[in-house]
Structures are given as C-alpha cells and as structure tokens.
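One structure is given below, encoded as structure tokens.
Source: prediction; values computed, not measured. Sequence lines set the chain letters: A, B, ... in the order given, protein chains first and strands last, and positions in each chain run from 1. Only this structure's heavy atoms are used, side chains among them; waters, hydrogens and symmetry mates stay out.
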There are 2 protein chains.
Amino acid sequence: MVKQGDSAGTSGSSATLQFSVDRGSPVPLYFQLAQQLEAAIEQGKLAPGSLLGNEIELAGRLGLSRPTVRQAIQSLVDKGLLVRRRGVGTQVVHSQVKRPLELSSLYDDLEAAGQQPATRVLHYAVEPATATVAAALGVPEGSDVLFVERLRLAHGEPMAHLRNHLPSGLLTLGSAELERTGLYRLLRGAGITLHSARQTVGARAATAEEAAQLAEPQGAPLLTMERTTFDDTGRAIEFGSHVYRASRYAFEFQLLVRP
Amino acid sequence: MVKQGDSAGTSGSSATLQFSVDRGSPVPLYFQLAQQLEAAIEQGKLAPGSLLGNEIELAGRLGLSRPTVRQAIQSLVDKGLLVRRRGVGTQVVHSQVKRPLELSSLYDDLEAAGQQPATRVLHYAVEPATATVAAALGVPEGSDVLFVERLRLAHGEPMAHLRNHLPSGLLTLGSAELERTGLYRLLRGAGITLHSARQTVGARAATAEEAAQLAEPQGAPLLTMERTTFDDTGRAIEFGSHVYRASRYAFEFQLLVRP
DNA sequence: CAGTGGTCTAGACCACTAG
DNA sequence: TAGTGGTCTAGACCACTGT
C-alpha cells in the first residue's frame with residue numbers, strides 16, 4: 001500500500017493540479033470537487049483526452065472518501081464532460097460539449113447573444129379554455145385560462161410570435177413584467193419548479209396575418225414550436241404555440257446519448 | 001432495530017408491492033430494483049403521486065444497503081419518473097414522461113409508428129471533403145469522405161431527403177445495407193459508441209429539385225436538420241444535412257429540466 | 001418534534017482492460 | 001498480472017419538511 005507515488009510532471013494530467021475542499025463550507029464536498037474539475041476542464045488545465053488519475057489516489061490526495069470522489073466524477077460524466085472506461089481510467093472528453101439541451105428561453109437566448117431582446121404584448125386576458133388548450137393543460141374545457149400573445153423582437157426586428165396559455169390562478173403575471181423579461185424567468189421567480197416539457201417542432205407557410213406581423217412575405221416558411229411544460233407534481237404549467245421567422249432563427253442544441 | 005414493520009394495506013403505496021432481487025444474477029442489484037420500480041410505475045401499480053416509502057425501510061425489506069437502494073431510486077429520478085423532496089419522501093411523478101430525447105433515428109421512428117419505412121440510395125461515393133464538411137467533421141479539407149444521399153419513404157411516399165458525410169475508413173458501409181435499415185443502427189452494429197451530437201433545426205422553402213424529389217409544390221416549407229455526431233473520444237462520426245416534408249413530419253420530444 | 005432525503009466514511013470484492 | 005472503475009455494505013450526522 002504505497003501512499004506516496006507522485007508521478008508528477010506529466011503535463012495535462014491531473015497529477016499536477018491542486019484541488020482542495022473546504023469542509024467548513026455548506027457546499028457539499030462532491031460539488032466543490034466537481035466545480036473545480038469542471039473549471040479545470042473549461043480552462044484547458046485538464047487537456048482533452050487526458051486521464052484524471054485513479055479515484056482512490058485522488059480521494060487520498062483530497063482527504064475524501066472514494067464514494068464522494070466518485071459522486072463528483074459521476075456528475076461530470078452525466079454532463080458529458082468526462083468518460084469512464086473500466087480498466088482504463090477516467091478521461092476528459094475531446095469534443096466541445098456545451099449544454100445537453102435546456103428548456104430554452106427565447107428571451108434568454110437572445111440576450112445571451114447580445115441581440116437586445118424586446119417584447120410587445122399584443123393580447124393579455126383570461127379566457128375560457130378551448131378544447132385544444134384544455135387537452136394540453138389537462139384542465140376542464142371552458143375553465144379560466146390566461147392567454148398571452150406576444151411579439152418578440154431583436155434589434156427592433158420581429159423574430160417570433162408567441163402565444164401562451166396558463167391555468168388561471170397559478171401566478172399573478174403582470175402585462176408590464178412580460179414586456180421586461182421572459183416567461184420562464186417569471187415562472188422560476190414565482191417559485192415554480194419546472195420539471196419537464198413535451199415539445200413539437202415543425203414548419204409551415206406563414207398566413208397573411210403572420211406574414212404582416214413578422215415582416216415576412218406571404219407564404220414564407222416559418223418554424224413552429226408547441227410546448228407543454230410541467231412542474232414537479234405533474235401539473236401543466238404552460239402551453240405555448242409559437243412561430244419563428246425561419247430566415248432569422250433556428251433551434252440549436254447539443255444532446256447526449258443515454259448510455 | 002425493527003426488521004419487520006409492515007404497514008401493508010395502503011393501496012397505491014409501495015408497501016403492498018413485492019420487490020425482490022436475485023443475488024446470483026450478474027445484473028447489478030440496484031439495476032434489478034430500478035427495473036422493477038420502473039415496471040411497477042409503467043403498469044400503474046405505483047400510482048402517480050404516491051410515496052415510495054422511505055429508503056431505509058425499503059432497503060431493510062429487500063435486504064439491501066441504503067446506498068444501493070438510493071442508486072436505484074436515483075437512476076429513476078434521472079429518468080424523470082420519480083421526484084425526491086427532502087423531508088417529504090420520494091413520489092411517482094404525475095405527468096407522462098416518455099423519453100428525454102434520444103439521438104433519434106428517422107428509420108426507427110417510422111418503423112415504431114408502423115409506417116413501413118423504406119430507403120432509396122440516390123448517391124454513394126467517396127469524395128474529397130468540401131470546406132463545410134471538413135469543418136463539421138474536423139478533418140482536412142479535401143480528405144476522403146463517404147458521401148451518401150438517400151430518400152426516405154413511408155408507405156411508399158417520400159418523407160425526407162437525407163445527406164450524410166462520414167470520414168472514410170471508419171466503417172465499411174454497403175449501399176445495400178443502407179437500403180435495409182437506418183444509418184445509426186449500422187453504426188451501433190459496427191461497435192461505434194455514439195456519445196453526443198450537435199443539432200440545428202430550422203426551416204426554409206423547397207428548391208425546385210427538392211420539391212420534385214419530395215412530391216411537394218415548389219416553395220413549400222421544409223423542415224431542416226443539420227447534425228454532427230461524436231463518439232466517446234470526441235471524433236466526429238457523421239455529419240448529416242437533412243430536409244423533411246413539413247406537411248408530413250415534425251420533431252417531437254420530451255425533455256427534462258436540469259436540476 | 002419526528003421523519004425524510006442529502007451527504008459522507010472506510011472499508012470490501014469483483015469485472016474488465018492493458019501490457 | 002497489475003491497475004482501473006463497478007458494485008456493495010453498515011454504519012453516521014446533517015438539513016429540511018411537516019405537524
């Protein structure tokens with residue numbers, strides 16, 4: 001049982017990197033380690049393809065138990081940043097993994113891209129649920145539903161036409177708030193935990209009205225998305241029916257293969 | 001330390017269900033339990049919203065340790081079938097979670113839907129990589145790349161036009177095999193481990209040629225997808241550039257929110 | 001307050017991969 | 001054969017939730 005066998009000097013390996021955990025912190029130890037590993041990968045201190053070093057040695061070096069170290073590593077494997085091979089070791093993945101697809105918010109996406117997003121609320125009213133909306137939200141037909149219709153702009157140019165239906169009483173949504181930020185940010189801010197969503201992405205030609213609203217020629221191809229979002233308990237939170245200018249917008253995402 | 005405290009009789013709870021593990025099996029214990037829990041949920045034996053019972057008691061009942069039971073439960077939480085709340089318990093999720101988005105194969109999707117998929121190989125040749133393809137695959141421009149162009153049919157009707165580029169030498173793909181099944185199934189069969197993919201989904205109007213191939217009017221809206229697939233080691237395995245008849249096809253998928 | 005999941009430890013044996 | 005990750009155990013203390 002050798003305690004000290006430092007084969008330091010091999011650049012790109014983890015042996016040369018200094019990780020440390022703070023036991024006084026309320027942040028879980030495995031999470032602290034995971035963050036440091038992720039940062040090292042992102043900054044290139046852990047080269048793609050390099051081995052992480054075995055778990056027992058890493059645990060000993062940090063004063064942690066092996067299960068704790070495994071938990072940290074596993075969380076990064078789940079993110080797609082690391083790959084484990086039995087009998088070989090844990091390696092940093094080569095390719096550029098960014099994010100395994102989130103419940104994307106158009107507003108946030110535009111803002112992140114420096115596109116100066118803006119919103120114009122076209123319609124805002126509580127209405128009885130139609131059959132389609134009632135089915136999507138799992139509420140009785142005719143029950144009260146908040147219907148919001150918005151035009152999303154980037155750099156002053158129309159990008160998308162968004163229609164959302166929300167079960168009445170879930171939250172108090174101001175029309176003014178909807179002009180300032182995205183719906184999902186408002187939902188999260190209201191303490192609603194988004195859990196899953198069912199999405200359908202398709203395409204169709206623009207109607208005359210849509211063409212006018214989006215400044216596209218009539219019959220222009222539009223990207224469509226329908227989405228129902230659920231919370232922890234399985235309640236439907238929101239049903240959206242959106243169209244995007246295909247000339248200006250495309251969905252881009254990374255996905256991981258379930259092992 | 002009570003070994004037997006069966007509070008049986010509460011229907012819908014897990015207390016009435018009989019789980020058991022086989023220690024002689026090569027299948028991991030946590031996986032056996034996860035499968036049984038998943039089956040019980042799928043068959044409705046564990047009602048949506050019902051509590052699973054605490055982990056210690058479940059472990060005792062099965063003769064397993066708590067970490068093993070936790071591992072089983074965690075795998076179902078990751079799948080979105082269960083929700084854990086501290087101080088409350090583990091509940092079966094209400095909504096219908098099907099699959100958190102896979103690297104979908106059009107062929108498999110059509111087959112699963114009973115659509116009698118067929119493939120017509122239009123083009124099959126090794127060609128020098130163009131700049132676009134070289135960038136997507138991470139190979140030198142002008143290097144050998146297998147270029148495959150296919151028309152996908154369902155019930156004899158054209159559905160999509162598929163163009164794929166694969167680095168030469170990765171596998172021996174027969175044109176005949178491509179008529180019989182999907183590309184991804186062939187890749188997996190060749191022992192290639194798919195790991196992640198970067199996708200872009202958009203829309204545009206059909207060109208004259210595409211319209212003719214897909215039996216759509218000229219200028220009809222088409223759904224487009226570009227995808228680069230990577231394996232474990234980060235090598236690009238395949239670059240696809242596809243168009244789908246928007247009148248016949250849409251992408252539908254479920255996704256989970258990263259906690 | 002009692003009960004739940006969240007985290008953590010210090011071991012153990014096994015299956016797989018490589019040289 | 002040596003080294004790796006994969007699995008498993010039997011405890012422990014803590015944080016949070018509800019009553």
Original post:
Is any side-chain heavy atom of B:Leu58 closer than 4.5 Å to a side-chain heavy atom of B:Arg61?
Top reply: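 The answer is yes; the side chains approach within 4.5 Å.
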Original post:
Would a 4.5 Å heavy-atom cut-off, applied to side chains only, mark A:Arg235 and B:His94 as touching?
Top reply: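 No. Closest side-chain heavy atoms not under 4.5 Å.
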Rounded to the nearest 0.5 Å, what separation is found between the [atom1] atom of [X] and the [atom2] atom of [Y]?
X: A:Thr228; Y: A:Arg198; atom1: OG1; atom2: CZ; value: 9.5 Å
X: B:Gln254; Y: A:Thr200; atom1: CD; atom2: OG1; value: 10.5 Å
X: A:Ser65; Y: A:Glu55; atom1: OG; atom2: CD; value: 11.0 Å

Original post:
Quick one: salt bridge (charged side-chain N to carboxylate O under 4.0 Å, His left out) partners of A:Asp108, sequence neighbours excluded?
Top reply: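 Scan of A:Asp108 (salt bridge (charged side-chain N to carboxylate O under 4.0 Å, His left out), adjacent residues dropped) gives A:Arg185.
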Original post:
What nucleotide, of C:dC8, D:dT9, D:dT7, holds the atom closest to the side chain of A:Arg70?
Top reply: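 The closest nucleotide is D:dT7.
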**OP:** Just compare D:dA10, D:dG5, C:dT9 and give me whichever is closest to any side-chain atom of A:Pro67.
**Re:**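 For A:Pro67, the side-chain atoms sit closest to C:dT9.
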Measure from [atom1] on [X] to [atom2] on [N] and round the result to the nearest Å.
X: B:Leu58; N: D:dT9; atom1: CG; atom2: P; result: 13 Å
X: A:Glu57; N: D:dG5; atom1: CD; atom2: C1'; result: 15 Å
X: B:Gln71; N: D:dG5; atom1: CD; atom2: C1'; result: 13 Å
X: B:Leu62; N: D:dC8; atom1: CG; atom2: C1'; result: 14 Å
X: A:Arg66; N: C:dA12; atom1: CZ; atom2: P; result: 13 Å
X: B:Ile56; N: C:dG3; atom1: CD1; atom2: P; result: 11 Å
X: B:Glu55; N: C:dC8; atom1: CD; atom2: C1'; result: 14 Å
X: B:Leu64; N: D:dG11; atom1: CG; atom2: P; result: 15 Å

**OP:** Output the residues of residues 27-35 of chain A in contact with DNA chain D, where contact means a heavy atom of the residue under 4.0 Å from an atom of the strand; sort by number or write none.
**Re:**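 The answer is none.
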Original post:
Looking only at heavy atoms, which two atoms of B:Gln91 and B:Gly49 are closest? And how far apart?
Top reply: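 Scanning both residues completely, I find the closest heavy atoms to be NE2-O, 3.4 Å.
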**OP:** Taking all heavy atoms of B:Leu256 and all of A:Ser196, pick out the closest pair and write down the distance.
**Re:**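 Closest approach of B:Leu256 to A:Ser196, heavy atoms only: CD2-CB, 3.8 Å.
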Original post:
Which residues pass the side chain to side chain contact (heavy atoms under 4.5 Å, CB included) test with B:Gln43, sequence neighbours left out?
Top reply: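 With neighbours one apart ignored, the set is B:Ala39, B:Lys45.
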Looking only at side-chain N and O atoms, does [X] come under 4.0 Å of OP1 or OP2 in [N]?
X: A:Thr68; N: C:dT7; result: no
X: B:Arg23; N: C:dC13; result: no
X: B:Asn54; N: C:dG3; result: no

**OP:** Using the side-chain contact (heavy atoms from CB on, under 4.5 Å) rule, pick out the option among A:Leu146, A:Leu137, A:Asn164 that qualifies with A:Glu238.
**Re:**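 The residue from A:Leu146, A:Leu137, A:Asn164 that satisfies side-chain contact (heavy atoms from CB on, under 4.5 Å) with A:Glu238 turns out to be A:Asn164.
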With a 3.5 Å cut-off and sequence neighbours excluded, list the donor-acceptor pairs that the side chains of residues 27-35 of chain A form with protein atoms.
| unit_1 | atom_1 | unit_2 | atom_2 | d |
| --- | --- | --- | --- | --- |
| A:Gln32 | OE1 | A:Asp22 | N | 2.8 |
| A:Gln32 | NE2 | A:Asp22 | O | 3.0 |
| A:Gln32 | NE2 | A:Val27 | O | 2.9 |

**OP:** Toss me the dot-bracket line for DNA chain C: Watson-Crick and G-U wobble, both under 3.5 Å, 5' to 3', using | for pairs to another strand and [ ] for crossers.
**Re:** ||||||||||||||||||.
Subject >> Plane angle bin for A:His165 and A:Phe147 - parallel if under 30°, tilted between 30 and 60°, otherwise perpendicular >> reply: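 Rings of A:Phe147 and A:His165: parallel, under 30°.
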**OP:** Strictly below 4.0 Å, heavy-atom distances to any atom of DNA chain C: list the hits from residues 82-91 of chain B, or just say none.
**Re:**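 Close to the strand are B:Arg84, B:Arg85, B:Arg86, B:Gly87, B:Val88, B:Gly89, B:Thr90.
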